[in-house]
Amino acid sequence: MIDVKLICDKPELIKEALLKLNSTAPVDEIVELNTKRRELTYEVERLKEKKNSTSKEIGKMKDKESRDKLITEMREVGDKIKELDEEIKKIEEDLHEKLLWVPNLPHESVPVGKGEEENVVVKTVGEKRIFDFTPLPHWELGEKLDIIDFERGVKLSGTRFYVLKKAGSKLQRALINWMLDLHIDHHGYTEIYPPYMVKGECLTGTGNLPKFGENLYRDAEEDLWFIPTAEVPVTNLHREEILEPGTLPLNYVAYTACFRREKMSAGKDTRGIKRGHQFDKVELVKVVEREKSMEELEKLISHAEDILKRLNLPYRLIKMCTGDLSFTAMIKYDLEVWSPGCDEWLEVSSCSNFGDFQARRANIRYRPEAKGKPLFAHTLNGSALALPRTVIAIMENYQQPDGSILIPEVLRSYMGGMETIKGGI
RNA sequence: GGAGAGAUGGCUGAGUUCGGUUGAAAGCGCUCGACUCGAAAUCGAGUAAGGGGAGUAAAAUCUCUUUCGUGGGUUCAAAUCCCACUCUCUCCGCCA
């Protein structure tokens, strides 16, 4: 959510920015509603002031006649207040609803562009491996080695589900533990194990609702939703809180399963384990002071990159242009790992600075100094990394001519010393 | 799931019988001052928060409003009365 005051102060500037985002948010209506809101608030507060002070006087009065007269008078004032309060409430709800649909404004450094094609490749790190045989896609490797079972996944749960087994599941488990340990021990993050189901207000807080409800799974009877990413519960840890001086920055790392309907990507990436309805992810979340968020973003990206570097996988860093920016992000970078079997770059991480967009929705504030006025914090997050795609990258990049897969050195101790994944293990 | 108890400021905890002088006793904590070479102890003063508006370069400051779990109701007036809900605790049942 962006600041109403900002919208009302500089509506033209906002409109211009929204144009770059291909957004049609109703700026004029918002300005109008807010003006009305302020007028009515002023009016009703004058009336309340009168009623409050008069009521106190009534309590002290002895003369019945003038007392009754005032009571009658205040009864009318009370009715008027009720009427105005209702009107204000309606306006506020309307205004709030409209604001929830306004996307975040892009940071000044974000390149202007219409869509994906205009994203900027910031850098490419590592060399693509030269194969002296044709590298296989992970779905073929996985079936040959009997470490991914697609058929039975579909039998259990339908399309976009699969079963990992043997060294396949062990590899994923090793990655999770290794990544968590790395972030905790070397990057200074605090581990969180959050609920996988949250209330709707959490999703509104992070910006997944109301706009992206169709991409989420939910309980049929209660207001409980499956998380599409750990970002949701972890960012919401501090919803409705005012953080005391000295608490920030907060650096969290969380491993969770993630659940997505993939309605917006229907028909896309149906092969392999690239895009499932359920997948695992290790996620980094930061809550920081507002002046610090851009430098924290750099750190965040470097922490995600560190995983790829240590796994020795070729990757590239992409800066998203305005047309490809997500609804909530002020600035966003993707990390893409090279996958020789699929023959494409796979997005394994998305690192965003949300500015105070989420903090406003979730009401996450901090006190810059003792007794100071609370300010909205800045929130950031990035995957580090998404598991299935990292598994894909390892399988495809480390495959051998005989179809076996070499295990990256950093993971071996997490796999009981295993060095190669061969059939039958 | 059944029965009962509870939810008040940074914390502990009164107030709810009989609605007004209670934005809230008392204590703890914290801040400032006195005493002291300094500290402790003691004494004195101050100390809830959110939002809006005025003001300022920014503060200071002034002012209105809301808040005693949440939402509604009664009333001129609600921490206090009524209704619904949420959460916490205890006991029973069930369970990984």
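These values consider heavy atoms only, across backbone and side chains, with no hydrogens, waters or symmetry-generated copies. From a predicted model like this one, the values you see are computed outputs, not experimental measurements. Chain letters run A, B, ... following the sequence lines, proteins first, then strands; residues in each count from 1.
In terms of the side-chain contact (heavy atoms from CB on, under 4.5 Å) criterion, residue partners of A:Val198 (sequence neighbours excluded) are, by chain and number, A:Cys202, A:Leu203, A:Ile227, A:Val232, A:Pro233. Every side-chain contact (heavy atoms from CB on, under 4.5 Å) that A:Cys8 has, sequence neighbours left out, goes to A:Val4, A:Val31, A:Asn34. For A:His107, there are no ring-ring contact (aromatic ring centres under 6.0 Å, His included) partners two or more places apart in sequence or in a different chain. Under the rule for a salt bridge (Lys or Arg N to Asp or Glu O under 4.0 Å), A:Glu241 has no partner lying at least two apart in sequence or in another chain. In this view, A:Lys36 and A:Glu87 satisfy the salt bridge (Lys or Arg N to Asp or Glu O under 4.0 Å) rule, not counting sequence neighbours. Residues passing the side-chain contact (heavy atoms from CB on, under 4.5 Å) test with A:Lys80, sequence neighbours excluded: A:Glu43, A:Leu47, A:Glu83, A:Leu84.
Atom P of B:U47 sits at a distance of 15 Å from the matching atom of B:G10, rounded to the whole Å. Only the C1' atoms considered, B:G71 is 27 Å distant from B:A14, to the nearest whole Å. Taking atom C1' in both B:G29 and B:C37, one finds a spacing of 28 Å when rounded to whole Å. Here, B:U66 and B:A60 have their C1' atoms 25 Å apart, quoted to the whole Å. Spacing of P atoms, B:U75 relative to B:U80, comes out at 16 Å, to the nearest Å. With both ends at atom P, the span from B:G93 to B:C28 equals 45 Å, rounded to whole Å. Between B:A34 and B:A49, the two C1' atoms lie 31 Å apart (nearest whole Å). Atom name C1', nucleotides B:U17 and B:A79: the rounded distance is 15 Å, in whole Å.
At least one cation-pi condition fails for A:Arg38 and A:Tyr42: the charged atom is not both under 6.0 angstrom from the six-membered ring centre and inside a 45 degree cone around its axis.
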Could you give the side-chain donor-acceptor pairs of residues 257-267 of chain A under 3.5 Å, partners two or more places apart or in another chain?
from	atom 1	to	atom 2	distance (Å)
A:Arg260	NE	A:Pro228	O	2.9
A:Arg260	NH2	A:Pro228	O	3.0
A:Arg261	NH1	A:Leu216	O	3.4
A:Glu262	OE1	A:Arg275	NH1	3.2
A:Ser265	OG	A:Arg275	NH1	3.4

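For RNA chain B, the neighbouring residues in residues 69-85 of chain A, judged by any heavy atom under 4.0 Å, are A:Ile71, A:Met74, A:Arg75, A:Lys82. A heavy atom lying under 4.0 Å from RNA chain B marks the following residues of residues 51-60 of chain A, by number: A:Lys51, A:Asn52, A:Ser55, A:Ile58, A:Gly59.
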Task: Strand RNA chain B in bracket notation, Watson-Crick/G-U under 3.5 Å with | for pairs to another chain - done: ((((((((.[[[..)....(.....]]]((((((.......))))))(((((((......))))))).[[[[[..)....]]]]])))))))....

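In this structure, A:Lys5 reaches the sugar-phosphate backbone alone: every heavy-atom distance under 4.0 Å involves primed, P, OP1 or OP2 atoms, never a base. Within 4.0 Å of A:Arg67, counting heavy atoms only, lies at least one base atom of the nucleic acid. Among the atoms of the strands shown, only primed sugar atoms or phosphate atoms (P, OP1, OP2) are found under 4.0 Å from some heavy atom of A:Glu49. Across all strands, A:Arg367 comes closer than 4.0 Å only to sugar-phosphate atoms, never to a base (heavy-atom distances). Residue contacts shown for A:Lys64 are absent, as no nucleic acid heavy atom lies under 4.0 Å away.
Looking only at distances, no side-chain donor or acceptor of A:Arg367 sits under 3.5 Å from a matching main-chain atom of A:Pro245.
The closest side-chain donor-acceptor pair between A:Asn104 and A:Thr328, if any, does not fall under 3.5 angstrom.
Taking the 5' to 3' direction, RNA chain B first and last meets chain A under 4.0 angstrom from a heavy atom at B:G20 to B:A77.
Taking the six-membered ring for Trp and thresholds of 30 and 60 degrees, A:His187 and A:His183 have ring planes inclined between 30 and 60 degrees apart.
Of the listed residues (A:Thr229, A:Thr256, A:Thr390), just one forms a side-chain hydrogen bond (donor to acceptor under 3.5 Å, both in side chains) with A:Lys281, and that residue is A:Thr229.
Each ring-ring contact (aromatic ring centres under 6.0 Å, His included) pair with one or both residues in residues 143-176 of chain A, not counting sequence neighbours, appears once here: A:Phe161-A:His277.
Two residues are said to be in side-chain contact when any heavy atoms from C-beta on lie closer than 4.5 Å; A:Met330 and A:Phe357 fail this criterion.
Nearest-nucleotide assignment on RNA chain B puts the 5′-proximal partner with A:Ile242, out of A:Tyr42 and A:Ile242.
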